[in-house]
Novice: 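Quick one: the structure is below, and I'll ask about it shortly.
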Amino acid sequence: LHFSSLPHIDFMESKLSGYLSFGDFFNSFCGVYEAEGFCDPVFAGYVLLPTRCDYALTYRRLIWVERVETLRLLRKSALDLSTTLTAIETDADMMTIYVTALKNGISGIPKMIAMHHLVRFLVDDRVKKEDSLLALVIKYLSLCPIQVKDEILRFKRVNSFNEVEYYEKIPNGRRDVMQLN
């Protein structure tokens, strides 16, 4: 089972019996994933769905900050990540969270997501970058292991098979933009 096309769901307006908010439900849902559903690709897809950038920042922060164990258990997903990574992350805190996660050795799906957002932030001309945030992200990236820096420099995209594609050679100008040696 692999699902790639899903309707946009208004999680903020969702009413769930027994929960004050969707955020409370999502927090509980992550707990169930940790206890019972880890490594199930369909379950993982539903965990990842509200963490897309076109949904509220609340859900990304919940899983990347408060439910790190859920994040670590995300290995395979029936959700086609390439279709969910279309919106560009613009939140400064999330950028530093992604870099810190990479520096600390996050792997699997979370690594793909973090690399995607960082590379898009750094090289995509559509992203408005505040100089202070750009400097902070580059400073944090400089603290990453050499292998992580190389993967970020050569990152191309996450494909429809939820695999990272890399450029064979670092694209022209990318090393200068990212200020990584």
Side-chain angles (χ1 to χ4, degrees), residues 2-38 40-104 106-130 132-134 136-137 140-141 155 157-158 160 162 164:
H2 190 76
F3 49 101
S4 60
S5 178
L6 296 171
H8 186 82
I9 301 165
D10 188 352
F11 293 113
M12 298 298 277
E13 295 298 319
S14 297
K15 303 292 183 216
L16 300 163
S17 179
Y19 294 95
L20 295 176
S21 68
F22 180 80
D24 291 337
F25 167 78
F26 184 58
N27 192 23
S28 294
F29 191 72
C30 289
V32 173
Y33 178 78
E34 290 172 22
E36 304 287 336
F38 60 93
D40 181 282
V42 175
F43 204 150
Y46 285 109
V47 168
L48 287 167
L49 187 60
T51 66
R52 294 173 17 184
C53 288
D54 52 347
Y55 291 124
L57 175 63
T58 306
Y59 312 123
R60 292 192 301 286
R61 288 195 53 79
L62 180 104
I63 200 166
W64 283 87
V65 177
E66 298 174 31
R67 300 305 300 225
V68 176
E69 190 56 34
T70 301
L71 198 64
R72 287 188 186 122
L73 293 171
L74 292 169
R75 297 284 173 237
K76 296 200 179 284
S77 174
L79 184 66
D80 179 352
L81 292 177
S82 68
T83 63
T84 66
L85 294 172
T86 54
I88 298 173
E89 180 69 71
T90 57
D91 183 74
D93 288 338
M94 287 307 301
M95 285 299 149
T96 58
I97 289 166
Y98 295 142
V99 176
T100 302
L102 288 169
K103 183 173 90 43
N104 292 334
I106 197 80
S107 61
I109 290 172
K111 180 178 181 178
M112 292 181 215
I113 293 168
M115 287 180 29
H116 166 84
H117 288 307
L118 284 168
V119 170
R120 291 296 155 257
F121 171 76
L122 291 167
V123 302
D124 196 315
D125 292 334
R126 295 172 295 171
V127 178
K128 292 184 172 48
K129 302 167 192 70
E130 294 177 25
S132 59
L133 176 58
L134 182 60
L136 182 64
V137 168
Y140 275 47
L141 280 172
F155 180 87
R157 68 185 182 122
V158 175
S160 61
N162 290 345
V164 174

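All residue numbers refer to positions in the sequence shown, counting from 1.
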Novice: Test of understanding: with side chain to side chain contact (heavy atoms under 4.5 Å, CB included), list the residues that count as partners of Arg75, not counting sequence neighbours.
Specialist: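 Side chain to side chain contact (heavy atoms under 4.5 Å, CB included) check on Arg75 returns Ser107.
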Novice: Tell me every residue that passes side chain to side chain contact (heavy atoms under 4.5 Å, CB included) with Leu136, counting only those two or more places apart in sequence or in another chain.
Specialist: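 Residues passing side chain to side chain contact (heavy atoms under 4.5 Å, CB included) with Leu136: Thr96, Tyr140.
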Novice: What is the distance from atom NE2 of His117 to atom CE of Met94, rounded to the nearest 0.5 Å?
Specialist: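 Rounded to the nearest 0.5 Å, the NE2-CE separation comes to 7.5 Å.
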Novice: Between Phe25 and Phe22, what is the ring plane arrangement, given parallel below 30°, perpendicular above 60°, and tilted in between?
Specialist: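 Rings of Phe25 and Phe22: tilted, 30 to 60°.
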Novice: Once side chain to side chain donor-acceptor pair (under 3.5 Å) is applied, do any residues pair with Thr51, and if so which ones, sequence neighbours excluded?
Specialist: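 Counting only residues at least two positions away or on another chain, Thr51 forms no side chain to side chain donor-acceptor pair (under 3.5 Å).
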Novice: Just jot down the side chain to side chain donor-acceptor pair (under 3.5 Å) partners of Asn27, sequence neighbours excluded, or say none.
Specialist: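 For Asn27, the residues satisfying side chain to side chain donor-acceptor pair (under 3.5 Å) (neighbours in sequence not counted) are Arg67.
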Novice: Can you name the side chain to side chain donor-acceptor pair (under 3.5 Å) partners of Asn104, sequence neighbours left out?
Specialist: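 Partners of Asn104 under the side chain to side chain donor-acceptor pair (under 3.5 Å) test: none.
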Novice: Taking side chain to side chain contact (heavy atoms under 4.5 Å, CB included) as the test, write out the residues that go with Asp24, two or more places apart.
Specialist: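 If we apply the side chain to side chain contact (heavy atoms under 4.5 Å, CB included) test to Asp24, skipping adjacent residues, the hits are Tyr19, Leu20, Ser21.
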Novice: Once ring-ring contact (aromatic ring centres under 6.0 Å, His included) is applied, what residue pairs with a partner in residues 61-91 remain, sequence neighbours excluded?
Specialist: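 As it turns out, the ring-ring contact (aromatic ring centres under 6.0 Å, His included) pairs with a partner in residues 61-91, which skip direct neighbours, are Trp64-Tyr98.
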Novice: Do any pairs count as a salt bridge (charged side-chain N to carboxylate O under 4.0 Å, His left out) and have a residue in residues 112-122, sequence neighbours left out, and if so which ones?
Specialist: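 Salt bridge (charged side-chain N to carboxylate O under 4.0 Å, His left out) check on residues 112-122 returns no pairs.
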Novice: Just to verify, what does Arg61 make a side chain to side chain donor-acceptor pair (under 3.5 Å) with, not counting sequence neighbours?
Specialist: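 Scan of Arg61 (side chain to side chain donor-acceptor pair (under 3.5 Å), adjacent residues dropped) gives none.
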Novice: So, taking the atom named CZ in Arg52 and the one named CG in Leu79, what distance separates them when rounded to the nearest 0.5 Å?
Specialist: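 It is 7.5 Å, given to the nearest 0.5 Å.
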Novice: Going by side chain to side chain contact (heavy atoms under 4.5 Å, CB included), name the residues that satisfy it together with Ala87, two or more places apart in sequence or in a different chain.
Specialist: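 Partners of Ala87 under the side chain to side chain contact (heavy atoms under 4.5 Å, CB included) test: Cys53, Asp54.
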Novice: Using the test salt bridge (Lys or Arg N to Asp or Glu O under 4.0 Å), find all partners of Glu66 that sit at least two apart in sequence or belong to another chain.
Specialist: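 Glu66 satisfies salt bridge (Lys or Arg N to Asp or Glu O under 4.0 Å) with no residue once adjacent residues are dropped.
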Novice: Going by the rule ring-ring contact (aromatic ring centres under 6.0 Å, His included), which residues pair with Tyr33 if we only count those two or more places apart in sequence or in a different chain?
Specialist: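 Partners of Tyr33 by the ring-ring contact (aromatic ring centres under 6.0 Å, His included) criterion, ordered by chain and then number, come out as Phe43.
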